[in-house]
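Chain naming here is simple, since letters A, B, ... match the order of the sequence lines and numbering starts at 1 in each.
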Amino acid sequence: MTRRKACLVGVGQSEFTRWGGIKDRSQFQITAQAIVSAIRDAGMQPADVDGLASFSDDANSAPLMAVALGLPKLRWSSMVWGGGGGGSMGGLAQACAAVESGQAEAVAVYRGLCQGQGRRFGKFSAVRPGASFVNPFGLFSPPSMLALLVRRFMHLYPITELHLAEVALNARANANRNPNAVMHDKPLTLEQYLDGRWIAEPLRLYDCCLETDGACAVVVTTRERAADLQQPVIEVLSSIHGGGPQWGHGPLASHNMPDADYASTNGRGLARDLYAAAGVAPADIDVAQIYDHFSGLVLMALEEYGFCGRGESGAFVESGAIRRDSGKLPINTSGGQLSEAYVHGMNLLIEGVRQLRGTSTSQVPDARVCLVTGGLGVSPTSAAILGRV
Amino acid sequence: MSYFPDDMPRPEPTMDEAGFWEFCKDRSLRFQACTSCGTLRHPPLPMCPHCQSCGIDWKEAPPDAEVYSYTVVRHASHPAVTPRLPYVVAVVEFPALPGVRLITNITDIDPGAVRIGLPVKLWWDDIGEGMHVPRFRA
Ligand SMILES: [Zn+2]
């Protein structure tokens, strides 16, 4: 008996706007519409879907979603722990586990996030775990929390503000080619980047992801079923979530890890397991979508996922390596969360699928293997490797 | 007068965190230490991650620390900090007490003068209602 292997067969999304831009429909409604788009993109019907998965405090209840979508039967519903987008590829991993174990035939993975209708992630929240140990000190928001990791990273290694800038400028250049990107028509120069106001040093305005409204969904089913559908078959070579020791403590990251782990994305062990399960090496990756809530953590991830040595990510991006036209590893080709939209990583997954289908607006020629990471510097973090069959 | 304005969010400890803040009321900075193996931990946890004992000693921190990492916050994500911008949030560690780090503020300093490794000293900020918060200055 051949093992069931999970494949990505459909993608769907809403329009992306600045936060507060979607006022005429609820977050739940645009999420349901994104799921239906993904199902139709696959050439399937809602009745073919029997599983729903999301991650990290998703506000769009799966049982209610099953009702709205008219699913005749719900055989799988799951959500990965953690805040923000740490578990985004964990949601995919759950869907793959459901499909590969036979507990579901087709699972939709989704995220709807209208920051204009709910909580803005850049604002103070009293409900974060461990809040008493950060709030009285004015450490309220994700950029200031992760600035502490980036500062230590830049202290330990030769990483400069120009290297952070390169991540932001690359994202914007790609967004300028993507009509769906919130920053599609907003070019960004190095001068503008450097003139950007400080949010929490060493992070400037353009080092920080957008705050947007939008929804994204993908559909996962078996390879056998995928072969009968209308899209090119994209196999999930591997997908996992997890975290290293002590990472779970604190609102976004612990601050007690050994020095070797502190200035990191929490992805070192995960990356090793991910490649082993996929049977590929970093050199096999044609294009990557790396969770870019903040530029500095993208640099750390390039190291942890094996594209350059520890402390070498600055020189790596300086060489033009992450650019679409010149680079050996183009990244965040839709504009990423810095410049396309911030849908907690699910828009990165959709862009990964587009690359392997050959339909990206910043297409990497003959891209066949794509790395997508979940949120970085949190626990759990997650990642997936997709391959065009 | 406290370092931040009165509308600054206050500690709202959970049951497992309450011990730390009870000592702060008395201007005493203490970290949890396991009664079985001595391992230090912070923020507070109800169980020792090393040996799974639930026994807790409270070990007094020395007043001398150094900056492990820091950020200069220049954007207000809560209205209370607007009059205080820019301010420094730091992770400090204690050379005499390895294994625990603390999120705090470095006060009374030009933010441009803060650096990793900077020696800092504990002071207690009276935030009213009997509560004190540990902050540091160079
Ligand atoms: Zn112990």
Side-chain angles (χ1 to χ4, degrees), chain A residues 119-156 196-205 207-208 211 245-259 262-263 294 296, chain B residues 2-4 8-14 16-18 20-21 24 31 40-45 49 67-81 84-93 99-106 111-112 114-117 125 127 131-135:
Chain A
R119 177 168 89 73
R120 281 182 69 188
F121 279 72
K123 289 283 180 193
F124 164 75
S125 166
V127 300
R128 288 187 170 112
S132 291
F133 296 96
V134 292
N135 286 341
F137 307 97
L139 190 66
F140 296 133
S141 62
S144 51
M145 291 165 177
L146 291 174
L148 293 165
L149 276 65
V150 177
R151 170 74 72 187
R152 185 75 188 174
F153 180 59
M154 295 175 77
H155 169 76
L156 293 171
R197 61 193 172 87
W198 290 109
I199 302 299
E201 295 180 28
L203 300 177
R204 293 178 167 89
L205 178 64
D207 293 306
C208 303
E211 292 187 286
Q246 301 192 53
W247 268 99
H249 219 155
L252 270 182
S254 168
H255 298 279
N256 293 292
M257 287 86 82
D259 206 24
Y262 184 77
F294 302 106
Chain B
S2 58
Y3 181 71
F4 285 108
M8 190 71 171
R10 301 176 61 80
E12 291 174 25
T14 64
D16 289 329
E17 299 168 350
F20 178 91
W21 294 105
C24 286
F31 294 111
L40 293 162
R41 56 188 196 257
H42 184 77
L45 278 175
V67 173
Y68 177 77
S69 195
Y70 70 98
T71 180
V72 181
V73 178
R74 294 189 180 271
H75 171 81
S77 45
H78 186 292
V81 296
R84 182 39 86 187
L85 291 175
Y87 60 94
V88 179
V89 179
V91 184
V92 299
E93 58 184 1
V100 283
R101 299 190 188 121
L102 182 73
I103 299 286
T104 184
N105 301 109
I106 311 300
V114 181
R115 58 179 175 80
I116 288 175
D125 188 9
I127 62 166
M131 183 54 80
H132 300 90
V133 167
R135 305 193 206 277

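With chain B as partner, the option from A:Leu149, A:Leu205, A:Asp259 having the largest number of non-hydrogen pairs under 4.5 angstrom is A:Asp259. Of the listed residues (B:Ser77, B:Ala76, B:Pro111, B:Pro44), the greatest number of heavy-atom pairs within a distance under 4.5 Å of chain A belongs to B:Ser77. Contact count against chain A (heavy-atom pairs under 4.5 Å) is highest for B:Arg101 among B:His75, B:Arg10, B:Arg101.
Neither the backbone nor the side chain of B:Arg84 comes within contact range of chain A; no heavy atoms are under 4.5 Å apart. There is no contact between A:Met154 and chain B, counting heavy-atom distances below 4.5 Å. Neither the backbone nor the side chain of B:Pro86 comes within contact range of chain A; no heavy atoms are under 4.5 Å apart. Heavy atoms closer than 4.5 Å to chain A are found in both the backbone and the side chain of B:Tyr70.
How far OG of A:Ser132 is from CD of B:Glu12: 6.0 Å, rounded to the nearest 0.5 Å. Taken to the nearest 0.5 Å, the CZ atom of A:Arg204 stands 10.5 Å off from the CZ atom of B:Arg74. A:Leu148 CG to B:Ser69 OG: the interatomic distance, rounded to the nearest 0.5 Å, is 5.0 Å.
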Assess whether side chain to side chain contact (heavy atoms under 4.5 Å, CB included) is satisfied between B:Phe31 and B:Leu102, documenting all intermediate values. CA-CA 10 Å; B:Phe31 294 111; B:Leu102 182 73; 4.2 Å; yes

Show your working on ring pair (Phe, Tyr, Trp, His ring centres under 6.0 Å) between B:Tyr3 and B:Tyr87 and close with a plain yes or no. CA-CA 10 Å; B:Tyr3 181 71; B:Tyr87 60 94; 7.7 Å; no

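When side chains are defined from C-beta on, A:Pro143 does not count as touching B:Val73, because their heavy atoms never get closer than 4.5 Å.
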